[in-house]
Amino acid sequence: MILCECGEIIKGEIFKDYIKNSFNPSTCTIGHKKCGFIFDFFDGKKPKKYSSRKELKCIALRFAKKNKLEQNNIGIFLVEVDRLKSSGRLSDYDILLTAYKKLNKIQLL
């Protein structure tokens, strides 16, 4: 899963492109078709988006829909997203991934 700077979760909506980075003057990478953002994974620049609480809830709902979470688990997932956002240290991607992992851990118990 890749979370784009535009707030969309990317699944199959990519294009190939070549960028210059510290490894090579022409390195193959990917971009998001919808907004055109090109990712540079090679110089340790993971996309980091820090949305407002409201924006993050919208992204979390789209994430839940794409991952086909059950209705009763969506509430638990959103509460965990809200709790992690309150810490103020994590990017949107890290918050969504951590909340999703915690939800899966709860379901296994």
Side-chain angles (χ1 to χ4, degrees):
M1 176 192 86
I2 300 173
L3 182 63
C4 185
E5 291 291 318
C6 69
E8 289 287 319
I9 298 165
I10 301 172
K11 268 193 174 172
E13 304 153 347
I14 59 172
F15 62 89
K16 285 187 178 182
D17 199 2
Y18 292 88
I19 60 170
K20 181 180 180 180
N21 59 31
S22 61
F23 296 109
N24 196 342
S26 181
T27 305
C28 187
T29 188
I30 61 170
H32 186 203
K33 282 183 182 177
K34 185 174 180 182
C35 69
F37 183 78
I38 298 172
F39 298 94
D40 180 4
F41 299 111
F42 302 98
D43 288 332
K45 298 177 187 174
K46 284 191 340 188
K48 298 239 184 225
K49 181 166 173 55
Y50 297 93
S51 301
S52 69
R53 192 174 297 268
K54 182 181 176 184
E55 289 173 327
L56 185 58
K57 290 262 179 135
C58 292
I59 293 169
L61 282 173
R62 279 187 264 146
F63 179 85
K65 187 186 212 182
K66 282 198 176 197
N67 288 294
K68 299 178 180 151
L69 292 181
E70 294 179 17
Q71 197 67 28
N72 53 348
N73 289 333
I74 291 175
I76 297 167
F77 177 68
L78 290 175
V79 167
E80 187 62 23
V81 166
D82 200 38
R83 187 186 70 76
L84 291 167
K85 180 67 176 174
S86 296
S87 72
R89 298 181 304 241
L90 301 172
S91 69
D92 293 355
Y93 175 79
D94 295 330
I95 289 171
L96 292 175
L97 206 57
T98 304
Y100 187 67
K101 285 180 182 177
K102 185 161 185 175
L103 179 66
N104 284 336
K105 196 181 275 188
I106 290 170
Q107 288 177 345
L108 293 175
L109 297 177

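All of these numbers come straight from a predicted model, not from anything done at the bench.
Proximity of a side-chain donor or acceptor of Lys85 to a complementary backbone N or O of Ser51 within less than 3.5 Å is detected.
A pairwise comparison of heavy atoms in Tyr100 and Phe63 identifies CD1-CE2, 3.6 Å as the closest pair. Here the closest non-hydrogen pair linking Gly31 and Phe39 is CA-CD1, 4.2 Å. Between His32 and Glu13, the shortest heavy-atom distance links the atoms CD2-O, 3.4 Å. Nearest heavy-atom pair, Ile95 versus Leu84, reported as atom, atom and distance to 0.1 Å: O-CD1, 3.5 Å. Considering every non-hydrogen atom in both Ala99 and Phe77, the closest pair reads CB-CE1, 3.6 Å.
To the nearest 0.5 angstrom, Ile74 atom CD1 is 6.0 Å from Leu69 atom CG. With rounding to the nearest 0.5 angstrom, the NZ atom of Lys102 is 8.0 Å from the NZ atom of Lys105.
Between Lys57 and Asp82, the closest side-chain pair of non-hydrogen atoms falls below 4.5 Å. When side chains are defined from C-beta on, Phe37 does not count as touching Ile10, because their heavy atoms never get closer than 4.5 Å.
The number of heavy-atom neighbours closer than 6.0 Å to OH of Tyr18, taken from other residues, nucleotides and ligands shown, is 12 or below. Counting heavy atoms of neighbouring residues, nucleotides and ligands inside a 6.0 Å radius, atom CZ of Arg89 does not exceed 12 of them. For Lys34, the NZ atom counts as loosely surrounded, since its 6.0 Å shell holds 12 or fewer non-hydrogen atoms of other residues, nucleotides or ligands.
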Take Leu61 and Lys65 through the side-chain contact (heavy atoms from CB on, under 4.5 Å) test and state the conclusion after the steps.
CA-CA 6 Å; Leu61 282 173; Lys65 187 186 212 182; over 6 Å; no
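Considering Val79, Asn73, Val81, Asn67 as possible partners of Leu103, the one that fulfils the side-chain contact (heavy atoms from CB on, under 4.5 Å) test is Asn73.
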